[in-house]
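For ligands, and for the atoms within them, numbers begin at 1 and follow the listed sequence.
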Amino acid sequence: MKDLLRTADLSRDDVELLLETAAKFAANPLSAPDQLRNKSVAIYMTKPSTRTRLASETATAHLGGTPIFIRGDELQLGRGETIADTAKIISGFCDALIIRTFKQSDVNELGANSTIPVINALTDDDHPTQLLADWLTIREVFGKDISGRKFSYFGDGNNMTHAWLIMGAIMGAHVVAATPDGKWAPDSNVVAEAKAIANKNGGTIELTNDPIAAAKDASVIYTDVWMSMGDPESERNEKMKVLAPFAVTESLMSHAAKDSIFMHCLPAHRGEEVEASVIDGDKSVIWREAFHRRTTIQALLYHLTRGELKGN
Ligand code: CP
Ligand code: NVA
């Protein structure tokens with residue numbers, strides 16, 4: 001496996017290896033200080049980022065490498081140079097490329113035309129690196145045995161929902177997504193793919209419009225912002241209304257398992273997708289989750305640049 005373009009690229013063994021290495025980097029960030037010595041990682045983002053950018057730059061530095069951050073408007077790509085030509089140039093100068101942009105097909109094209117590892121740092125369709133941090137956090141809280149546990153996502157059926165379903169399927173988990181039908185439901189192709197992966201790994205994928213049923217006895221309650229980067233502002237009012245029943249409130253949390261945790265990839269909008277008392281309350285693990293973005297991206301850079309991931 002050269003690239004991480006989609007969450008579904010990862011095999012169960014890859015995830016196990018990455019989580020194991022990430023746990024080591026969490027304990028000792030400087031345990032592989034020469035892996036990227038005299039090497040550079042390009043981080044190209046056409047959408048804003050707080051966590052993923054900081055995690056990518058610090059992960060590269062901890063591996064001994066130099067991060068080169070490039071904003072969306074800074075490449076000739078924006079002036080008509082092709083993705084293929086850009087990919088060849090970045091491959092010649094750098095040793096890995098971390099890319100955040102809109103279209104998944106652009107990331108796939110970069111991967112196909114690069115000779116270096118390309119890592120998807122969020123597209124409109126997926127967010128694989130986030131899910132590695134999420135599952136490291138889940139594992140720290142609940143351990144390896146997740147039998148009988150339920151992992152429920154609430155809200156917009158977006159890139160995070162897709163990644164949540166696919167990674168849960170890879171982990172053999174009982175995954176639930178509570179979203180509206182129609183425009184803000186997850187993509188049916190992704191749902192079908194998640195079901196196929198879950199079948200192979202002993203997991204189950206459940207979709208519902210009933211947030212209380214989804215919260216009942218869940219170990220993890222997960223949500224994401226209702227307005228994603230690139231979502232049309234013209235739809236804001238309608239979207240807020242349709243998603244309102246899926247907000248994570250104290251009342252919703254009361255249906256979850258006793259030892260449940262609250263997770264959020266951040267950025268959060270308190271009072272919209274989550275009540276402040278939930279995200280800032282005892283069950284919330286958002287800070288640990290956010291800081292694992294670095295440890296997991298560090299593990300990903302480490303193993304991808306060594307050619308040690310198999311893919312599926
Ligand atoms: N969760 C996440 O990807 O955050 P940023 O948009 O700040 O990178
Ligand atoms: N769904 C959100 C995730 C942000 C990390 C977005 O795409 O903006």
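- Which parts of ligand 2 touch Asn158 is read off a 4.0 Å heavy-atom cut-off, strictly below it: atoms 1 (N).
- A 6.0 Å sphere centred on CG of Asn38 holds no more than 12 heavy atoms belonging to other residues, nucleotides or ligands.
- In summary, the side chains of Arg6 and Gln104 do not present any donor paired with an acceptor at a separation below 3.5 Å, with no hydrogens or angles considered.
- For the pair Cys265 and ligand 1, the shortest N or O to N or O distance falls below 3.5 Å.
- Checked by distance only, ligand 2 and Cys265 stay at 3.5 Å or farther apart across all their nitrogen or oxygen atoms.
- With a 4.0 Å cut-off on non-hydrogen atoms, Thr52 does not touch ligand 2 at all.
- With hydrogens and angles disregarded, a donor-acceptor distance shorter than 3.5 Å links the side chain of Asn158 to the backbone of Thr161.
- No hydrogens or angles considered: a donor-acceptor pair under 3.5 Å links the side chains of Asn209 and Asp181.
- At a heavy-atom distance under 4.0 Å, only backbone atoms of Leu266 (N, CA, C or O) approach ligand 1.
- Applying the 4.0 Å criterion to heavy atoms of Leu266 picks out, from ligand 2, the atoms 5 (C).
- Interface of Leu122 with ligand 2, defined as ligand atoms under 4.0 Å from a residue heavy atom, comprises 3 (C), 4 (C), 5 (C), 7 (O).
- Below 3.5 Å of separation, one finds an N or O of Ser228 facing an N or O of ligand 2.
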Derivation and outcome, salt bridge (Lys or Arg N to Asp or Glu O under 4.0 Å), residues Arg236 and Glu233: CA-CA 5 Å; Arg236 177 183 284 274; Glu233 272 304 315; 2.9 Å; yes
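- On a distance-only criterion, Asn159 and ligand 2 share at least one N/O pair closer than 3.5 Å.
- Ranking protein heavy atoms by distance to atom 4 (O) of ligand 1, first place goes to Arg51 NE, 2.9 Å.
- Counted by atom type alone, Glu109 and Asn113 present zero donor-acceptor pairs between their side chains at under 3.5 Å.
- Close contacts between ligand 1 and His127 involve ligand atoms 2 (C), 3 (O) [criterion: under 4.0 Å to a heavy atom].
- In this structure, atom 2 (C) of ligand 1 lies nearest to the protein heavy atom Arg293 NH1, 3.3 Å.
- No hydrogens or angles considered: nothing links the side chains of Asn159 and Asp124 as a donor-acceptor pair under 3.5 Å.
- Among protein heavy atoms, atom 8 (O) of ligand 2 sits closest to Met229 N, 2.8 Å.
- The residue Asp156 has no part lying near ligand 2, judged by heavy-atom distances below 4.0 Å.
- Inspection of the His292 and Glu140 side chains reveals an N or O donor paired with an N or O acceptor under 3.5 Å.
- Checked by atom type, the side-chain pair Ser260/Lys283 shows a donor-acceptor distance below 3.5 Å.
- Taking distance alone, with nitrogen or oxygen atoms compared against 3.5 Å, Asp224 approaches ligand 2 more closely than that limit.
- The protein heavy-atom contact nearest to atom 6 (O) of ligand 1 is Arg100 NH1, 2.8 Å.
- Donor-acceptor pairing under 3.5 Å is recorded for the side chains of Thr129 and Arg293.
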